[in-house]
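Below, chains carry the letters A, B, ... as their sequence lines are ordered, and counting in each starts from 1.
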Amino acid sequence: MNRTIITLVGKDHVGIIAAVCNYLAENNINILDIAQTTVQEYINMMMIVDIEGYGKSFGDLCHGLGEVGESVGCSIKAQHEDIFDKMHRI
Amino acid sequence: MIGFNEVLETNAMISQEKLDVRTITMGISLLDCCDSDLSRMNRRIYEKITRLAGDIVSVGDEIGLEYGVPVVNKRVSVTPVALIGGSACRTQEDFVEIARTLDSAAEDIGINFIGGYSALVQKHMTRADRLLMMSVPKALSCTERVCSSVCVGSTRVGINMDAVRMMGDIIRETSAMTADRQSLGCAKLVVLCNPPDDNPFVAGAFHGVTEGDAVINVGVSGPGVVKTAVSKVRGESFEVLCETVKKTAFKVTRVGQLVAKEASRRLNVPFGIVDLSLAPTPAVGDSIADILHEMGLEKAGAPGTTAALAILNDQVKKGGVMASSYVGGLSGAFIPVSEDSSMIDAVVSGALTLEKLEAMTCVCSVGLDMIAVPGDTCAETLAGIVVDEMAIGMVNQKTTAVRIIPVAGMKEGDTAEFGGLLGSAPVMKVNGFGCADFVNRGGRIPAPIHSFKN
């Protein structure tokens, strides 16, 4: 298990989550958890994913998600889970 | 499992409040590079630095990418050069050759500063110490990345006044030799009392002789994060204020610990310490003075400033100590004037004076840092400012430092522009009364009575 947090923020419209999920499926990345909120017309989404089966580098993942983000007009970021775990858990 | 709000909080710290890892610094021992032949020694120094720290920039960037937190600087500190140059260096120019070697090694591995062009002369000077100190103006004017520090005092042995007096002249000469760059050389020169062996922050970083072959030390930062946290408890009691700072420092330090352990693993170099310092940058929102303002002061320098800084410094340590397995370095709040936009503002508006800054250094982690003074400030006055700061460090058993820049050709009220992380500094008023007969006495100031603990 190699858990990574994906966060997305941007103006909401049809197909944003679908685009991200398609990219993850194409790259053999398993989604473990999804949470999202929409405030006014802005979407804020967080996913916990397992990148164990992803064959490429972390930089490639960031780049790929960046391209998906551009295509749907949102900002998408991937980070290893450790930074959140270390900061919020003793 | 991590919650949505925790993820949002961390990412807001990074993107809006400028949380970053300020520096990954690799300390490298050069003791095994000693040689009686200067060119052979220079080759060994270059080879060792580039071999051990060759990947420090790429590893720092990789870690930054994977955790989504900027790793702003990657740096190297080395054994104080005066300790290794003794048998090879017969002239000042020989020492300058070592500075050039350090500079080219730093350039080739892609780092912006390398610390350790240093001498430890708190008690007496060897011939090598003296040569290195005399070579500092030339070394800092003909290199870009080399930083120099000279330790002239400690609680244990007192203050070497001969060295303090020499530093007055050396600071002036460094200023003159870099006059075309607003005396930038002085921004890379720091005079220290009780320096730590494992400080990751330049210009005072050097790799102490008690350290191993190589070590990874990390400096975290996050004044913006602390300021935001403090802004949420406006009007609350000191108990609430202190708890807030402590909890925030804990979170910030945990990121530093994570990055330090990861850098150590990837570079295959042991982890040393995390330095808990709150280090500002000239960027808006990355300011220590803003935290003081948020605590309830109209401007940094107003009555109450020393107490506010004392609280901040102490709570940062209390929160940070539990977050890291090894804490060291300077660990506290930095108050450099030129590198903190709201400190500059406080000076310009007349709220903050040199004397108040000196008082603040009694309770913060370092000392008079990045302070521009008129270019005609004499060497004796500079030595007087230095020895005052050293006395504070010696008596209070803490690190103190002076990084003062007499800016050639400038007078009170002018502004010196250093650029980048070093920022810009308003030229401050210096007390014009003389101290020459005092600083010219020579010899040593004995260690204070409370140093005798055996």
Item to check | Contact origin within A:Lys77 toward chain B - heavy atom pairs under 4.5 Å | outcome: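 Contact with chain B: side chain only.
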Using non-hydrogen atoms and a 4.5 Å limit, figure out which bit of A:Thr37 sits close to chain B: side chain, backbone, both or neither.
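For A:Thr37, the contact with chain B is made by backbone and side chain together.
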- Query: Any idea which of A:Ile5, A:Thr7, A:Ile48, A:Asn44 has the most non-hydrogen atom pairs under 4.5 angstrom with chain B?
  - Reply: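 Going by pairs under 4.5 Å, I would pick A:Asn44.
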Any side-chain heavy atom of [X] within less than 4.5 Å of one from [Y]?
X: B:Ile14; Y: A:Ile83; answer: yes
X: B:Glu6; Y: A:Phe84; answer: no
X: B:Met322; Y: A:Ile90; answer: yes
X: B:Arg254; Y: A:His88; answer: no
X: A:Arg89; Y: B:Ile2; answer: yes
X: A:Met46; Y: B:Leu8; answer: no

_If you compare all heavy atoms of A:Met87 against all heavy atoms of B:Lys251, which two are closest, and at what distance to 0.1 Å?_
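Smallest interatomic distance, heavy atoms only, reads CG-CB, 3.6 Å.
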- Task: Specify the closest pair of heavy atoms between B:Tyr67 and A:Asp82, including all atoms of both residues, with the distance to one decimal.
- Result: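 Looks like CE2-CB, 3.6 Å.
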Near [X] [atom1], under 6.0 Å, is it more than 12 heavy atoms from other residues, nucleotides or ligands?
X: A:His80; atom1: NE2; value: yes
X: A:His63; atom1: NE2; value: no
X: A:Glu70; atom1: CD; value: no
X: B:Lys261; atom1: NZ; value: no

### Full working for side-chain contact (heavy atoms from CB on, under 4.5 Å) between A:Gln79 and B:Asn11
CA-CA 10 Å; A:Gln79 292 156 280; B:Asn11 283 346; 3.0 Å; yes
Given a strict heavy-atom distance threshold of 4.5 Å, which part of B:Glu62 is in contact with chain A: side chain, backbone, both, or neither?
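Neither part; nothing is under 4.5 Å.
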Portion of B:Val7 that has a non-hydrogen atom of chain A nearer than 4.5 angstrom
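Interface part for B:Val7: both.
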